[in-house]
Amino acid sequence: MNSPQRLRPLLHFTARQGWTNDPHGIIHADGVYHMFFQHNPQGVNWSPRCHWGHATSRDLITWREAEIALSPAEGEAGCWSGSVVIDERGPVIVYTSTTAEHWERGRIALARPRGGMSDWVRDPAYPVIEGPPDGLDVVAFRDPSVRYEGGRWKAIIGAGRTGSRGCALQYSSADLETWTFDGIVADQPVTGWSVYTGAVWECPQLLQIGDDWVLVVSAWADGIPGSVNYAIGDYDGEATFTARDWGVFTHGEELYATTTFRDAEGRPCAMSWLRERGNVAPEGSPWCSSMSLPHVLSIVDGRLAVSQHPSLEAVLADTSDLGDIGPGSSLDAAIPGHVWRLRFGIGGSQSGGFSVSITGHGQPFALQMADESMSVVDGNGTVLLAMPVSVDGADVDIVVDADILEVIVTGTEGIASTRIPVVRAGNAHITAVGSSTITGVRLSTRP
């Protein structure tokens, strides 16, 4: 029997074909969002010969893939992650240039477009940073995150030091071409922090939200990506970030390589790489992995919280108000297609909770919350996602897009996501059962 054709997500960006990983360089210019991403157009497996893919959008939800922005030049093993900024001459790609001999320790290079945001060529100043400074025992060096501050460009670069010490290094420049090493902006947390931050910090992001500074890092160790973690703290404006506390930003094995940016309204936002389950594309799939939805960042009670971007409202505009579900009661609603959003509030005590079961899109799955924990299980009882949550008085926001599920719970830091066993289109049924009161149930679908 032939396997059902895989459904392509409609809200989560996928490349036409090939492998994708880290989103980066997300920028709004002339009314258009540009997203760049790591890409192997020749296959559905990761390759060190990374290209810079490129996609554009008006709303951060509906993306159109553009021509590849950068391909490895002579002497480069790959064009790895980085940033896009705009200086007095126009847009600039600041990227990690790797070589076959030292691909863990990259160089930092530039590219500029011949026009608009296309036809990118290397800047004559190549590379602009040859590698990490001597004397620090740096074993990994990549992923520059660049911002303009205090009359200078500042680059935060991910690194790892001998002895499994993840860290972020800072460089500064007046013109993007001549850089000065400022120092270690942040190091692996000292003993006593509750979050393990990995042997290498990938994709480090340092941004200000209100009066606080937030450092976001993707924890890498022994060739394996872990969770994306964050610290809220203080930045001295020179070269030192001091963490007050650490937390976990991504929940679920598939989320990694978070990048931050400002949307057209100036809101701090983030998008992440959403890997396949097991990091392997399903058999016959022409693409491998996707990008998360855009999320708006805020600090609530000293933790980094997210909400879905307002643009999602316009895309999932058909909303039905399904009312409340009392303890021991349930409701059943039909879901057309394979893209939907379910929102509701949770009342009652911490021992209460809810169960949402979805059937009709292939294998059934269920999302359950109770006793300060949340889990997603498939029809065989296999746990696909588990995370601690705050139940009492929480609002729950679930988005399903083909085989992708995203969950946001107010009062719980970060974002949760997993791959679910949805394999075909058509009507499905959602059944919700409350052991505490579920209020204001709203189901949104595509018009």
Which heavy-atom pair separates [X] from [Y] by the least distance, and what is that distance?
| X | Y | answer |
| --- | --- | --- |
| S290 | T14 | CB-CG2, 3.6 Å |
| V146 | A155 | CG2-CB, 4.0 Å |
| V84 | I27 | O-CD1, 3.7 Å |
| A231 | A243 | CB-CB, 3.7 Å |
| L110 | L176 | CD1-O, 3.3 Å |
| K154 | G237 | NZ-O, 2.7 Å |

| request: Before giving the answer on side-chain hydrogen bond (donor to acceptor under 3.5 Å, both in side chains), spell out for H28 and D263 the whole-Å C-alpha distance, their side-chain angles and the decisive distance to 0.1 Å. | output: CA-CA 7 Å; H28 186 261; D263 70 3; over 6 Å; no
| Parallel, tilted or perpendicular, as decided by the 30° and 60° cut-offs, for the rings of F141 and Y171 |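 Correct class here is perpendicular.
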| request: Please assess M271 against I26 for the test side-chain contact (heavy atoms from CB on, under 4.5 Å), listing each intermediate value before the final yes or no. | output: CA-CA 9 Å; M271 290 181 68; I26 302 175; 3.7 Å; yes
Checking the side chain of [X] only, and the main-chain atoms of [Y] only, is there a donor and an acceptor separated by less than 3.5 Å?
| X | Y | value |
| --- | --- | --- |
| E413 | Y230 | no |
| S311 | D59 | yes |
| S173 | W153 | no |
| S292 | S272 | yes |
| Q205 | T260 | yes |
| T197 | A219 | no |
| D22 | C203 | no |
| T20 | H39 | no |
| H51 | R49 | yes |
| T410 | A394 | no |

Any side-chain heavy atom of [X] sitting closer than 4.5 Å to one from [Y]?
| X | Y | answer |
| --- | --- | --- |
| E276 | R419 | yes |
| R165 | D187 | yes |
| Y235 | E149 | yes |
| V399 | I408 | no |
| I157 | R142 | no |
| R341 | L443 | no |
| I420 | I404 | no |
| D234 | R244 | yes |

Please check if atom [atom1] in [X] has more than 12 non-hydrogen atoms from other residues, nucleotides or ligands closer than 6.0 Å.
| X | atom1 | result |
| --- | --- | --- |
| D236 | CG | yes |
| E65 | CD | yes |
| R152 | CZ | yes |

| Hey, mind stepping through V44 and V280 against side-chain contact (heavy atoms from CB on, under 4.5 Å) and telling me if it holds? | CA-CA 8 Å; V44 293; V280 177; over 6 Å; no
Determine whether the side chains of [X] and [Y] contain a donor N or O and an acceptor N or O closer than 3.5 Å.
| X | Y | answer |
| --- | --- | --- |
| T418 | R277 | yes |
| D182 | S172 | yes |
| Y126 | E177 | no |
| R122 | Y95 | yes |
| H338 | D401 | no |
| R275 | S289 | no |
| S444 | R343 | yes |
| R107 | S97 | yes |
| S218 | E202 | no |
| E406 | H295 | yes |

[atom1]/[X] to [atom2]/[Y] distance, rounded to the nearest 0.5 angstrom?
| X | Y | atom1 | atom2 | value |
| --- | --- | --- | --- | --- |
| T412 | D395 | OG1 | CG | 11.0 Å |
| T62 | Y33 | OG1 | OH | 12.5 Å |
| L136 | L169 | CG | CG | 6.5 Å |
| W340 | I335 | CH2 | CD1 | 4.5 Å |
| D397 | L312 | CG | CG | 7.5 Å |
| I398 | F344 | CD1 | CZ | 4.5 Å |

| said: Does the structure place the NZ or CZ of R112 under 6.0 Å from the centre of the six-membered ring of W120, at an angle of no more than 45° from the ring's axis? | reply: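 Here R112 fails the 6.0 Å and 45° test against W120.
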Looking at the rings of [X] and [Y], which for Trp means the six-membered one, are their centres under 6.0 Å apart?
| X | Y | result |
| --- | --- | --- |
| F36 | H24 | no |
| W19 | W273 | yes |
| W80 | W103 | yes |

| Test side-chain contact (heavy atoms from CB on, under 4.5 Å) applied to T240 and Q170, step by step | CA-CA 9 Å; T240 303; Q170 180 175 295; over 6 Å; no
| message | Please evaluate residues D175 and R89 with respect to the criterion salt bridge (charged side-chain N to carboxylate O under 4.0 Å, His left out), reporting the C-alpha separation (whole Å), side-chain torsions for both, the decisive distance (0.1 Å), and the verdict. | response | CA-CA 10 Å; D175 59 6; R89 294 165 54 189; over 6 Å; no
| task | Take F261 and L60, measure what side-chain contact (heavy atoms from CB on, under 4.5 Å) needs, and give me the verdict at the end. | result | CA-CA 12 Å; F261 61 96; L60 288 171; 4.0 Å; yes
